[in-house]
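Below is one structure, written out as structure tokens; comments come after it.
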Amino acid sequence: MMNIPPELLAILRKVERVASLTGAGVSQESGLRTFRDSQDGLWSKYDPTELATPEAFARDPKLVWDWYAWRREAIKGARPNAGHYALVQMESKILDFTLITQNVDGLHRFAGSENIYELHGNINRVRCSICRTFAEVWEEDTEVVPQCKQCGGLLRPDVVWFGEALPQGELEAAARASKASQVFLSIGTSGVVQPAASLARAAQANGAILIEINAEATPLTPQVDYFFQGKSGEVLPELVQAIWGK
Ligand code: APR
């Protein structure tokens, strides 16, 4: 059993505004690799941080498209884990609970979370790289990248690539919720990618208690008020159980 300080439990039992930031670690127990893990088989020779860029897409759109098609297939077979479901429970217990995620896999929504801001988009959505029109259907087995029906531009996943701006509305809402939060949870994220990483600091600067749950210490760890080391699929259900019981 985890050792949760009684004073923290008392706070969590009556907290009204919580913001939570999740990263790839939350989906690790659903069988999805984190961004910084090495990859299997076919794609092992590519560095994901060099495929998820506008430059890579400009240079070799088919390569980038195929990598996302492969990731989309892996995600299709994935199911939420106990960590995702614990966050759904938290949302049902806490008056104002905001879930901010850097994940593009859609597993939080699949699990049943509702108040979500997807800072990095969603891999299951596809849009035109030129006119931004969304595409509902597209041909997958083609020699070339499928094209936009409106303008003929190449389709791309509706995710945020390295070097691209985050969706402004989502980011502003996430920043507002972070600043207003009394407790901020940082879960399964390496905390190195900005501006998402700065949300935790903004929350803390506004008086929030900062809690981190991660399999390993991160650059954020020295600044948090409470650090629970472990898998989110284990730590989160334990936390929920300790706060509210079964
Ligand atoms: N439970 C909790 N934490 C875990 C688990 C787990 N089961 N497995 C791994 N972790 C932690 C790792 O220790 C690491 O700190 O999850 C973090 C995963 O880090 P990254 O792969 O860097 O993922 P993330 O922080 O989400 O990356 C942010 O960067 O690569 C871009 O756009 C991509 O959304 C991604 C963003």
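Ligands are counted one by one from 1 in listed order, and the atoms in each one are counted from 1 as well. Below, each value reflects all heavy atoms present in this structure, side chains not excepted, and no hydrogens, waters or symmetry copies.
The shell of residues lying under 4.0 angstrom from ligand 1, judged by heavy atoms, excludes Gly83.
The proximity of His120 to ligand 1, defined as any non-hydrogen pair under 4.0 Å, is limited to the side chain.
With rounding to the nearest 0.5 Å, the separation of CD1 in Ile4 from CG in Leu239 is 5.0 Å. Annotation: the span from Leu171 atom CG to Leu119 atom CG amounts to 6.0 Å, rounded to 0.5 Å.
For Asn103, no nitrogen or oxygen atom sits less than 3.5 Å from a nitrogen or oxygen atom of ligand 1, counting backbone and side chain alike. Considering backbone and side-chain atoms together, Ala215 places an N or O closer than 3.5 Å to an N or O of ligand 1. In terms of polar-atom proximity, Asn214 is counted as a contact of ligand 1, with an N or O under 3.5 Å from an N or O of the ligand. Annotation: Gly188 places an N or O atom under 3.5 Å from an N or O atom of ligand 1; distance criterion only. Taking only nitrogen or oxygen atoms, main chain and side chain alike, Ser232 reaches within less than 3.5 Å of ligand 1. Here's the thing with Phe162: none of its N/O atoms is less than 3.5 angstrom from an N/O atom of ligand 1.
Two rings, from Phe57 and Trp161, have their centers less than 6.0 Å apart.
Residue Lys231 approaches ligand 1 through these ligand atoms, each under 4.0 Å from one of its heavy atoms: 1 (N), 6 (C), 7 (N). Residue contact check: Gly23 has heavy atoms under 4.0 Å from atoms 26 (O) of ligand 1. If you number the atoms of ligand 1 from 1 as listed, the ones under 4.0 Å from a heavy atom of Gly230 come out as 1 (N), 2 (C).
Partners of Glu164 by salt bridge (charged side-chain N to carboxylate O under 4.0 Å, His left out), not counting sequence neighbours, listed by chain and number: Arg156.
Leu220 is not connected to Phe228 by any chain of hydrophobic side-chain contacts under 4.5 Å among Ile, Leu, Val, Met, Phe, Trp and Tyr, and they are in different clusters. Two different hydrophobic clusters hold Val235 and Leu21 under the rule that ILVMFWY side chains link at heavy-atom gaps under 4.5 Å. Hydrophobic cluster membership is shared by Leu99 and Val183, with clusters built from Ile, Leu, Val, Met, Phe, Trp and Tyr side chains linked at under 4.5 angstrom.
Applying the salt bridge (charged side-chain N to carboxylate O under 4.0 Å, His left out) test to every pair with at least one member in residues 212-241, sequence neighbours left out, gives no pairs at all.
The option from Gln102, Glu234, Glu164 that lies nearest to atom 28 (C) of ligand 1, judged by heavy atoms, is Gln102.
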